[in-house]
Peer 1: 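To start, I am sharing the structure in question, which I have written as structure tokens.
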Amino acid sequence: MTVQNKTFYIKVNPDNPEDKIIQDAGRILREGGLVAFPTETVYGLGANALDPSAVGRIFAAKGRPSDNPLIVHISDNGQVYDVADDITAPAQRVMEIFWPGPLTVVLPKKAGVPGEVTAGLDTVAVRMPDHKVARKIIANAGVPIAAPSANTSGKPSPTTALHVLKDLEGKVNMIVDGGPCKVGLESTVLDLTCEPPVILRPGGITREQLEGVIGHVEIDPVLIDDNQNIIPRSPGMKYTHYSPEAEVIVITGRAEPVTSKIRELIAKHRSLGHRIGVLAPTENAGVYDGHEVYTLGSRSELESIARNLFYGLRFLDDKGVDIILAEGYPRKGMGVAIMNRLAKAAGNNIIVV
Ligand code: TXA
Ligand code: MG
């Protein structure tokens, strides 16, 4: 199937998806086309993982570098044996406990998985999403589905179907709109081919949750320490990511110095004639009155901050601001993933006060 410049956009009932929509999506995927669909983390851009030309279309549509491997999505636990080998007891335990859900496991790959999916690596990343629409589409397609986030490479991941439409209209065959994503940040990527296992990308499942099940898990110290503002060089982490058009600065530290620093930066940028956007928790939204403020949710509910983060970056971009000032969060629990995405959106421009 070729991807015509016409994209079929359709709304689906997320709790009880219409059969016709699932069948159309499944057929397009079987025929080698591209379908964007909702998952609980972010929207994915799917193609048949066993068809190298279909997988090639994903890279073309996103403008993604071909050396960044894709996650293979499955619709039930047993399907992991079709794509991965040497599945150890800890791997089995995390899949049993966290699937379906925002956890991707890296395992030795089966020979049948094309090198285009894994960027030539001998491992494969696998995930079973916790979203009815995603699982039904994958099951109907009857093949494992390679699916990166459905954004143009480098942009914030899409948490609504309209984000996908904005980035990929005319470049994909179908966009299935199942409403906003519940988690809002991508899955945690856990490498289980080494001992102890290593978190390659923090995400929807926290290190604490993983350690509760399989004991010690390694994480790059850079991800959990505010004072080591260096971008980690694990796979897929070396590219510019989550970057809105506006310049982003993250200000992190104790509450009072953070708000004072942001007010100081507001004054500086206003004097330069810049339009200013602020990403703030509910508690501090009022502090930045008079500017374009996007409220992410309460500081005491990091899940809500995570859910709204990419939405907020895209929202402020659409308002045409020149600079986005974002409050930071403690690098614990979900805060690790939030700060990782903020740091990358900011090109690591982080001020610790
Ligand atoms: O939540 C998610 O994971 C979303 C939804 C759509 O499922 N998908 C997603 O895919 O975020 P993507 O392509 O944007 O990110 C995949 C990440 C990249 O950092 C990539 O380098 C890493 O997974 N990855 C994929 N295969 C890998 C492998 N074999 N070894 C190490 N890292 C791998
Ligand atoms: Mg992505």
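Residues take their numbers from the sequence shown, with the count starting at 1. Note that ligands are numbered from 1 as they come in the structure, with each ligand's atoms numbered from 1 the same way.
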Peer 1: To the nearest 0.5 Å, what is the distance between CG (L45) and NZ (K171)?
Peer 2: 11.0 Å
Peer 1: Has E245 got a side-chain atom pairing as donor or acceptor with D317's backbone, closer than 3.5 angstrom?
Peer 2: no
Peer 1: If you count the atoms of ligand 1 from 1 in the order shown, which ones are under 4.0 Å from a heavy atom of G44?
Peer 2: 6 (C)
Peer 1: Run the numbers for me: atoms of ligand 1, each under 4.0 Å from some heavy atom of L121, listed by number.
Peer 2: 28 (C), 29 (N), 30 (N)
Peer 1: Should the pair F315 and Y294 be assigned to parallel (<30°), tilted (30 to 60°) or perpendicular (>60°) ring geometry?
Peer 2: tilted
Peer 1: Select one of side chain, backbone, both or neither to describe which atoms of K109 lie under 4.0 Å from any atom of ligand 1, heavy atoms only.
Peer 2: neither
Peer 1: Using a 4.0 Å heavy-atom cut-off, say whether T123 meets ligand 1 through its side chain, its backbone, both or neither.
Peer 2: both
Peer 1: Hey, which atoms in ligand 1 end up nearer than 4.0 Å to a heavy atom of H73?
Peer 2: 5 (C), 6 (C), 7 (O)
Peer 1: Any nitrogen or oxygen of R127, main chain or side chain, under 3.5 Å from a nitrogen or oxygen of ligand 1?
Peer 2: yes
Peer 1: Is L70 near ligand 1, meaning one of its heavy atoms is under 4.0 Å from it?
Peer 2: yes
Peer 1: Going by heavy-atom distance to atom 15 (O) of ligand 1, choose the closest among R201, M128, E186.
Peer 2: R201
Peer 1: Taking 4.0 Å as the limit for heavy-atom contacts, which would you say applies to N68 with ligand 1: side chain only, backbone only, both, or neither?
Peer 2: side chain
Peer 1: So is R64 touching ligand 1 or not, going by heavy atoms under 4.0 Å?
Peer 2: yes
Peer 1: For ligand 1, which atoms have a heavy atom of L200 less than 4.0 angstrom away?
Peer 2: 31 (C), 32 (N)
Peer 1: With atoms numbered from 1 as shown, which atoms in ligand 1 lie under 4.0 angstrom from a non-hydrogen atom of S187?
Peer 2: 1 (O), 2 (C), 3 (O)
Peer 1: Is R314 salt-bridged to D318, cutoff N-O under 4.0 Å?
Peer 2: no
Peer 1: Has the side chain of S298 got a donor or acceptor atom that lies under 3.5 Å from a matching backbone atom of S300?
Peer 2: yes
Peer 1: Look only at the side chain of T118 and the backbone of P69, and say whether a donor-acceptor pair between them is shorter than 3.5 Å.
Peer 2: no
Peer 1: Between E211 and V217, is there a donor-acceptor pair closer than 3.5 Å when you use the side chain of the first and the backbone of the second?
Peer 2: yes
Peer 1: Closer than 4.0 angstrom, basic N to acidic O: yes or no for K261 and E264?
Peer 2: yes
Peer 1: Quick one: does any side-chain atom of N308 pair with a main-chain N or O of G312 as donor and acceptor, under 3.5 Å?
Peer 2: no
Peer 1: Are H131 and F37 near enough that their ring centres are under 6.0 Å apart?
Peer 2: no
Peer 1: Check whether any N, O or S atom of S149 sits under 2.8 Å from the Mg ion (ligand 2).
Peer 2: yes
Peer 1: Of the choices S149, A125, P148, which has the non-hydrogen atom that lies closest to atom 26 (N) of ligand 1?
Peer 2: A125
Peer 1: Does the residue A147 have a heavy-atom contact with ligand 1, meaning some pair of atoms that are separated by less than 4.0 Å?
Peer 2: yes
